[in-house]
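For reference, the structure is listed below as structure tokens.
The structure presented is a predicted model; accordingly, all values stated were derived computationally and were not measured.
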Amino acid sequence: MGELRRRTAGAGSAGWPLGEADLGQIEQGLERALCTRPVPSSIGARLRFLLAAHRGSTRRVATVLGVSQRTVQRWVTQRPGARRPPGPTQIRAIEEAVLARWQPRVRARLRAQAEAEGFVFHTRARFGFAAPAGSSDDPRVRRIAQDLPGEVARELFAARDAGAGEQQQTVILARALGHAYFRDGGRRAHGLHIAFSDVEFADFSIG
């Protein structure tokens with residue numbers, strides 16, 4: 001089962017799994033739901049993974065990251081005083097390169113399973129409601145666990161493939177939760193529109 005565990009509050013960016021300091025809660029959930037093993041969390045571990053993926057070649061790693069071979073050598077050298085840490089832009093490039101190469105077959109299998117069978121979405125967030133006549137309820141925090149169909153997974157992944165950010169992903173999930181959870185699959189509360197914000201966590205269980 002691919003399932004996101006809630007992140008630890010207050011951790012610094014160096015302690016997150018891949019890119020979590022820069023990603024929204026929904027994107028974190030999608031990424032971690034597609035892995036069966038934790039992504040390397042430190043820069044050193046990520047660089048070692050990239051080197052292993054490229055048979056120890058600093059030249060190949062440099063090409064992937066868009067830097068010079070000498071730069072990569074300075075990042076990984078064991079010589080005292082010779083090591084130079086990567087900057088923020090380079091850290092992000094390292095993160096993206098690792099993610100693109102981390103458990104590709106597992107990721108493909110879990111994505112296909114979610115798109116075919118659906119998933120369970122767990123979240124705690126602030127939900128607001130609006131009816132067609134213009135009436136609305138004050139938003140309040142709810143914790144929800146809801147089965148969502150494969151078509152929602154397909155829409156989420158397609159949006160992500162197209163570069164959609166957290167806001168668009170939230171709209172997709174709000175529409176799906178509105179239908180499946182708040183309108184009970186269309187059996188009640190017809191015309192009720194849902195929006196949610198202040199997402200505290202977003203977990204995706206596949207399988």
Side-chain angles (χ1 to χ4, degrees), residues 1-111 114 122-125 156-157 159-170 197-206:
M1 173 183 292
E3 183 171 354
L4 168 68
R5 298 292 182 231
R6 185 175 180 177
R7 71 181 187 182
T8 303
S13 60
W16 295 124
L18 185 66
E20 284 192 353
D22 303 314
L23 300 178
Q25 292 285 1
I26 294 170
E27 185 72 8
Q28 289 181 40
L30 286 172
E31 285 299 334
R32 296 178 67 177
L34 293 176
C35 298
T36 58
R37 290 186 290 116
V39 180
S41 61
S42 71
I43 295 299
R46 292 168 183 170
L47 286 169
R48 287 193 294 274
F49 169 77
L50 289 176
L51 282 169
H54 293 280
R55 301 182 180 180
S57 171
T58 54
R59 179 180 58 80
R60 291 180 181 176
V61 173
T63 299
V64 167
L65 298 177
V67 298
S68 70
Q69 182 177 8
R70 181 60 179 155
T71 295
V72 175
Q73 291 170 342
R74 287 172 177 166
W75 291 343
V76 301
T77 184
Q78 300 299 315
R79 287 187 296 152
R83 179 174 293 182
R84 297 291 185 270
T89 300
Q90 296 161 336
I91 288 174
R92 184 60 182 168
I94 293 168
E95 291 173 343
E96 292 174 350
V98 171
L99 182 57
R101 291 159 179 79
W102 188 254
Q103 294 192 297
R105 287 188 290 272
V106 170
R107 292 168 64 86
R109 174 177 59 80
L110 288 171
R111 173 172 174 167
H122 312 260
T123 190
R124 179 176 168 86
L156 273 175
F157 285 122
R160 197 176 67 149
D161 290 346
E166 187 87 348
Q167 183 176 0
Q168 186 172 342
Q169 292 168 347
T170 300
S197 59
D198 302 329
V199 181
E200 296 182 16
F201 65 89
D203 298 357
F204 296 78
S205 298
I206 302 172

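- Residues Leu47 and Ile94 approach most closely at CD2-CD1, 3.8 Å, considering heavy atoms.
- Among all heavy-atom pairs drawn from Gln25 and Ala202, the shortest one is O-CB, 3.7 Å.
- Counting all heavy atoms, side chain and backbone alike, Gln169 lies closest to Ala164 at NE2-O, 3.8 Å.
- Shown here for Glu27 and Glu166, the closest heavy-atom pair between the two residues is N-OE1, 3.5 Å.
- Between atom CD of residue Glu96 and atom CD1 of residue Ile91 there is a gap of 12.5 Å, rounded to the nearest 0.5 Å.
- Considering Arg74, Gln78, Gln73 in turn, Gln78 is the only one that fulfils the side-chain contact (heavy atoms from CB on, under 4.5 Å) rule with Arg83.
- For the pair Ile206 and Ala33, the tightest heavy-atom approach, listed with the atom from each and the gap, is CD1-O, 3.9 Å.
- Qualifying side-chain contact (heavy atoms from CB on, under 4.5 Å) partners for Val64, counting only residues two or more places apart in sequence or in other chains: His54, Ala97, Arg101.
- Looking at Arg59, its side chain never comes within 3.5 Å of a backbone N or O of Gln69 through a donor-acceptor pair.
- At a threshold of 4.5 Å between non-hydrogen side-chain atoms, the residues Leu50 and Leu65 count as touching.
- Note: Asp203 CG to Leu30 CG = 11.0 Å, rounded to the nearest 0.5 Å.
- Minimum heavy-atom separation, Arg107 to Leu34: CG-O, 3.2 Å.
- In this structure, the ring-ring contact (aromatic ring centres under 6.0 Å, His included) partners of Trp102, at least two apart in sequence or on a different chain, are Phe49.
- Annotation: side chain to side chain donor-acceptor pair (under 3.5 Å) contacts of Gln90 (sequence neighbours excluded): none.
- Between the side chain of Gln103 and the backbone N or O of Arg37, at least one donor-acceptor pair lies under 3.5 Å.
- For the atom pair OG1 (Thr58) and CZ (Arg70), the distance works out to 10.0 Å, reported to the nearest 0.5 Å.
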